[in-house]
*Asks:* 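Structure provided below as structure tokens; questions to follow.
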Amino acid sequence: MTKMMKSLLAGTALTALSASVVLADGAELEVTHWWTSGGEAIAVGKLADAWQAAGNTWIDGAIAGSGGTARPIIISRILGGDPMAATQLNHGRQAEELIEAGLLLDLTEVAEANNWAEIINPSSLLEACTLDGRIYCAPLNIHSAQWMWLSHGAYEKAGLDVPANWNDFVASAPALQEAGIVPLAMGQQGWQQNIAFGTITIAIAGVDNWLAVNRDKNIDVATGPEYTAVFEAVAAARALAADSNVQDWNLATNMVITDTAGAQIMGDWAQGEFQVAGEVAGTDYSCLPGLGLNAVLDTGGDAFYFPVIDDDATRAAQLEMAAMLVSPEVQVDFNLAKGSLPVRGDIDLSSANACMQKGLEILASGNGILPSGDMNLSADTQTQVEDLMAEFWSSDMSAADAQAAYVSIISRAD
Ligand code: GAL
């Protein structure tokens with residue numbers, strides 16, 4: 001447990017009283033999340049609608065900014081005895097310490113009653129919710145990070161075909177620049193730059209080398225020539241994003257939507273923004289999983305956790321919400337709006353757009369399905385890599401210095 005958590009816990013009554021109210025005619029639960037972009041707000045509205053349709057009240061606790069801003073707020077509220085009734089986190093290791101401290105509700109009974117062990121696909125999603133055989137989260141969706149989104153309008157202006165992969169994209173950059181277009185849109189935040197780093201790694205060094213470093217913490221591979229090529233490619237990407245001056249990821253997506261940038265490397269939640277803007281996959285924009293070089297997807301995404309609250313009726317309502325999130329109706333409505341893939345394989349998503357279909361195909365093939373960064377690395381290690389990326393992308397740090405700093409982080413990772 002981190003020092004911060006220990007000191008916060010020391011002053012905390014572990015059985016927090018509820019910030020939620022259960023009324024005779026339904027439950028009122030506060031739900032925190034960081035879904036505040038246009039597309040995200042529509043998607044979370046689907047969850048609220050379903051909860052309210054069942055006679056309950058959804059108190060929306062949206063936290064502006066990225067997950068990096070929201071997570072410490074969420075975690076310190078839980079540690080500080082002021083828990084929300086339900087919260088988004090990424091499934092993976094983010095909640096590990098909260099579970100160990102006994103602060104999150106055990107959902108095993110709801111998981112068993114709804115047969116999650118059979119229906120959650122891939123099973124790694126449920127494993128990421130499980131500690132010592134007990135289940136502590138409801139997986140909601142699969143969001144993968146390894147995508148490049150390309151503007152057809154930008155390429156039309158530059159008189160070029162839309163690239164089919166990362167190498168074509170890099171070759172196209174001078175023509176984009178001549179046409180006054182920023183080749184690569186990039187929000188100036190470490191988590192976004194880290195997504196680009198991870199995605200470029202898989203495309204350039206390949207899945208096995210990525211797994212060797214991220215999953216197995218293999219220092220020889222992290223120091224080796226394949227990773228040197230990765231850091232050089234990331235330095236080249238940095239140059240292509242030099243004129244991208246936005247912060248938030250959705251503002252970078254907006255550069256692609258408005259054809260002021262050629263492309264963005266971002267998770268598939270970007271689809272929600274294209275959808276809200278009325279853009280059509282395959283016509284107005286294209287998507288390249290694995291940068292068109294290695295079609296993979298990681299099984300990151302979102303899961304809901306329910307803090308322990310000392311009130312039986314609230315607890316019953318929390319279990320009801322957990323079951324609702326995995327239900328077929330919510331899985332269809334939410335994921336179509338969010339651009340994410342469902343956590344169950346038994347539902348019909350044939351109305352999904354061309355990009356979501358690519359994701360569904362990779363998932364169905366069973367090949368190229370990877371654990372997410374949050375599954376491989378502890379929250380502390382993730383933050384260290386994101387901080388390194390923030391420094392690298394905002395300075396002229398050399399590729400070699402960045403690689404050395406990265407090797408040092410991985411050598412200390414748990
Ligand atoms: C991720 C989350 C997505 C999306 C994205 C940007 O962590 O899994 O659902 O919200 O952040 O906000």
Side-chain angles (χ1 to χ4, degrees), residues 65-66 68-69 145-146 148-150 154 158 163 165-205 209-210 213-214 219 221-256 260-267 291 293 373 377 380-413:
S66 63
T69 314
Q146 298 78 16
M148 178 142 101
W149 308 91
L150 296 139
N165 60 46
W166 173 251
N167 299 329
D168 291 356
F169 166 72
V170 173
S172 76
L176 289 174
Q177 281 164 325
E178 247 167 64
I181 293 162
V182 177
L184 189 63
M186 175 59 73
Q188 310 294 308
Q189 293 171 345
W191 73 272
Q192 297 180 57
Q193 295 150 339
N194 188 36
I195 278 183
F197 165 57
T199 303
I200 290 172
T201 305
I202 290 168
I204 304 260
N209 286 317
W210 180 84
V213 172
N214 285 273
I219 294 305
V221 176
T223 357
E226 287 86 0
Y227 261 72
T228 301
V230 167
F231 279 93
E232 281 162 5
V234 178
R238 175 177 65 182
L240 300 182
D243 293 325
S244 172
N245 294 318
V246 294
Q247 294 286 321
D248 294 338
W249 68 269
N250 53 313
L251 299 182
T253 308
N254 197 51
M255 292 172 71
V256 178
T260 56
Q264 178 190 21
I265 300 174
M266 185 43 59
L291 304 184
L293 296 174
L377 303 176
D380 278 354
T381 303
Q382 274 282 83
T383 305
Q384 288 175 46
V385 179
E386 288 175 4
D387 289 350
L388 169 62
M389 283 298 138
E391 192 187 343
F392 178 73
W393 283 77
S394 63
S395 68
D396 59 0
M397 183 192 276
S398 70
D401 286 351
Q403 185 174 7
Y406 180 68
V407 167
S408 151
I409 294 170
I410 294 298
S411 69
R412 286 178 276 113

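What's counted below: heavy atoms across the whole structure, side chains too, no hydrogens, waters or symmetry copies. In this chain, numbering begins with 1 at the start of the sequence shown. Since the structure is predicted, the reported quantities are computational estimates derived from the model, not experimental observations.
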*Asks:* Measuring from Gln193:CD to Ile200:CD1, what's the distance to the nearest 0.5 Å?
*Replies:* 11.0 Å

*Asks:* Answer whether the closest heavy-atom distance between the side chains of Asn250 and Asn254 falls below 4.5 Å.
*Replies:* no

*Asks:* To check you understand the geometry: which heavy-atom pair defines the closest contact between Ile204 and Ala233, and what is its length?
*Replies:* CD1-CB, 3.9 Å

*Asks:* Quick check for you: to the nearest 0.5 Å, what is the distance between Ile202 atom CD1 and Asn214 atom CG?
*Replies:* 7.5 Å

*Asks:* For the residue pair Leu150 and Ala263, what are the closest heavy atoms and their distance?
*Replies:* CD2-CB, 3.6 Å

*Asks:* Given side chains that start at C-beta, do those of Gln189 and Trp249 come closer than 4.5 Å, heavy atoms only?
*Replies:* no

*Asks:* Please report the shortest heavy-atom distance between Ser398 and Phe392, naming the atom on each side.
*Replies:* O-CE1, 3.8 Å

*Asks:* Name the orientation class of the two ring planes belonging to Phe231 and Phe197 (parallel below 30°, tilted from 30 to 60°, perpendicular beyond 60°).
*Replies:* tilted

*Asks:* First locate atom CD of Gln382, then atom CG of Asn194, and finally report the distance between them rounded to the nearest 0.5 Å.
*Replies:* 6.0 Å

*Asks:* Please determine, by modelled atom types, if Thr228 and Gln403 share a side-chain donor-acceptor pair under 3.5 angstrom.
*Replies:* yes

*Asks:* Checking Trp149 side chain against Met266 main chain: does a donor-acceptor pair fall under 3.5 Å?
*Replies:* yes

*Asks:* With a cut-off of 3.5 Å and sequence neighbours excluded, list every side-chain donor-acceptor pair involving residues 166-179.
*Replies:*
unit_1 : atom_1 : unit_2 : atom_2 : d
Asp168 : OD2    : Ala164 : N      : 3.4
Ser172 : OG     : Tyr155 : OH     : 2.9
Ser172 : OG     : Phe169 : O      : 2.7

*Asks:* Quick one: closest heavy-atom pair of Ala205 and Val230, and the distance?
*Replies:* CB-CG2, 3.7 Å

*Asks:* Determine whether Met397 and Leu388 make a side-chain contact, defined as any pair of heavy atoms from C-beta on separated by less than 4.5 Å.
*Replies:* yes

*Asks:* Do Ile409 and Thr381 have side chains that get closer than 4.5 Å, going by heavy atoms?
*Replies:* yes

*Asks:* Hey, what do you get for CD (Gln264) to CE (Met186), rounding to the nearest 0.5 Å?
*Replies:* 7.5 Å

*Asks:* Do you know which two heavy atoms are closest between Ala235 and Ala399, and how far apart they sit?
*Replies:* CB-CB, 4.4 Å

*Asks:* What closest approach, in Å, do Trp393 and Ala241 show between heavy atoms, and which atom pair accounts for it?
*Replies:* CZ3-CB, 4.1 Å

*Asks:* I need the Leu293 CG to Thr199 OG1 distance, nearest 0.5 Å.
*Replies:* 11.5 Å

*Asks:* Report the C-alpha distance between Asn245 and Gln188 in whole Å, list the side-chain angles of each, state the deciding distance to 0.1 Å, and finish with yes or no for side-chain contact (heavy atoms from CB on, under 4.5 Å).
*Replies:* CA-CA 7 Å; Asn245 294 318; Gln188 310 294 308; 5.6 Å; no

*Asks:* Working to the nearest 0.5 Å, report the span between CE of Met255 and CD1 of Ile181.
*Replies:* 10.5 Å

